[in-house]
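Step one of this worksheet: look at the structure below.
Residue numbers begin at 1 in each chain, while the letters A, B, ... track the order of the sequences. Since the model is a prediction, treat every value here as computed from it, not as a measurement.
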Amino acid sequence: MPELPEVETTVRDLKKYILGRKIEDVWSDTYKLIKKPKSFSEFKKKLTGRKIENIQRKGKNILLRLSGNGTLLIHQKMTGHLLYGKWQITNSKWQLKEKGPLEEPVNRFIHLMLWLSGRKMLALSDLRKFAKIEFWDNLELENSKGFKILGPDPLEKSFTFKKFKSVIKKKPKGKVKQILMDQSIISGIGNIYSDEILWVAEIHPFTQIVQLSDAELKGIYVAVKKILAKAIKLKGDSMSDYRLITGKKGGYQNVQNVYQQEGKKCPRKDGGIIKRIKIGGRSAHFCPVCQQLKQ
DNA sequence: TGCAGTGTTGCTTC
DNA sequence: CGAAGCAACACTGC
């Protein structure tokens, strides 16, 4: 599940490999991934010949800034991830060259490929085909609804405690886990890291924002920064489908404190056994001893 | 074997 | 208006 640390890792690695390359051709076997423009041939025409001038992240979105004031926006949703390699043409489909850096030379979940200058290739692997691919005119993207609605990014300098408090209090009755995952409040946090953050802060996921003291809010704020920094250092969580663009795994899945640890002992050794409960249709994992619900 | 679980977003429903 | 439910999809694990 690519959340902020996974997307940030991808963007940093992409910068190492594809900056300055030209998009020479585009292939896909799943046109519905491409939401804008709707027609694949039009999409292909828009991208072809453009140079990748910059690469950025906004929340969980990857932005490939292209020459001619265009942007390729990629949202990986659940199981999408980008892979980088050398390429060759085989049986009219583009497949990754065996000696390329990928661990799996042929990945049957690849549904989009960009053929780049220098005989390089960028592929989107997505088992569940939920990913979103869009080409935007830069000005249009800045003014788009999806872009404007995004809350502050925890890695930005402007994400101060004051800022955090002001945005989080927009939904005082909301449960803290859901609020942390709300992209219009804060952008970048999903199910894995919201569980991990609340464990560090020792807050029950069902706690309403209005119930939190200033000290507790500060604890959550500090935990957001701490956990995201740690996860970026470990290059993300590869428990599910996420991989580095080289095909290698990140390391956060080896240090998860509560996420998908149901039935295990709390790492604080307080005697608690990690519980899993449903909140808004998804799982929340927490320790019932150090993360107690108030009254 | 079959079905619940996996989690992001956006749309529909109440 | 806001919250809740569900669909999109395909594989894994019990």
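Taking the ring centre of A:W199 as origin, the terminal cationic atom of A:R268 falls inside the region bounded by 6.0 Å and 45° from the ring axis.
Distances shorter than 4.0 Å separate none of the side-chain N or O atoms of A:K35 from OP1 or OP2 on B:dG10. For the OP1/OP2 pair of C:dA8 and a distance below 4.0 Å, the side-chain nitrogens and oxygens of A:K129 include no atom meeting the criterion. Listed pair A:R276 / B:dT6 meets the phosphate criterion, a side-chain N or O lying under 4.0 Å from OP1 or OP2.
B:dT1 and C:dC9 have their P atoms separated by 24 Å, with the value rounded to a whole Å. Between C:dC11 and B:dT9, the distance separating the two P atoms is 23 Å to the nearest Å.
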For A:T30 and A:S28, what are the C-alpha separation, side-chain angles and deciding distance, and is it a side-chain hydrogen bond (donor to acceptor under 3.5 Å, both in side chains)? CA-CA 6 Å; A:T30 310; A:S28 175; 5.1 Å; no

Evaluate A:F206 against A:I277 for side chain to side chain contact (heavy atoms under 4.5 Å, CB included), listing each step before the verdict. CA-CA 10 Å; A:F206 277 20; A:I277 48 174; 3.6 Å; yes

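Taking the six-membered ring for Trp and thresholds of 30 and 60 degrees, A:F161 and A:Y221 have ring planes inclined between 30 and 60 degrees apart.
If you check every strand for non-hydrogen atoms under 4.0 Å, A:S283 touches sugar and phosphate atoms only. Nucleic acid contact for A:Q76: none, since no nucleic acid atom lies under 4.0 Å from a heavy atom of the residue. Heavy atoms of A:E3 sit under 4.0 angstrom from primed sugar atoms or phosphate atoms, though from no base atom. Among the protein residues, A:K278 comes within range of the sugar-phosphate backbone only, with heavy atoms under 4.0 Å from sugar or phosphate atoms but none that close to a base.
The distance between atom OH of A:Y259 and atom C1' of B:dG7, rounded to the nearest whole Å, is 7 Å. Whole-Å rounding puts the A:Q260 CD to B:dG5 P distance at 13 Å. Distance A:K177 NZ to B:dG7 C1': 10 Å, rounded to the nearest Å. Rounded to whole Å, atom C1' of C:dA4 lies 14 Å from atom CZ of A:F206. Summarising the geometry, the separation between NE2 on A:H111 and P on C:dC9 is reported as 11 Å, rounded to the nearest angstrom. As rounded to whole Å, 15 Å separates atom P of C:dT12 from atom CE of A:M239. Regarding A:H75, its NE2 atom lies at a distance of 16 Å from the C1' atom of C:dC9, rounded to whole Å. Rounded to whole angstrom, the span from the NZ atom of A:K132 across to the C1' atom of B:dG7 amounts to 16 Å.
None of A:E134, A:E140, A:E142, A:R65 except one satisfies the side-chain hydrogen bond (donor to acceptor under 3.5 Å, both in side chains) rule with A:T71; the exception is A:R65.
Nearer to the 5' terminus of DNA chain C, by closest-nucleotide assignment, is the contact made by A:G174 (compared with the other of A:F130 and A:G174). Position along DNA chain C of the nearest nucleotide to A:M78 versus A:F109 favours A:M78 as the more 5'-ward residue.
When both distances must be under 3.5 Å, the Watson-Crick or G-U wobble mate of B:dC14 is C:dG2.
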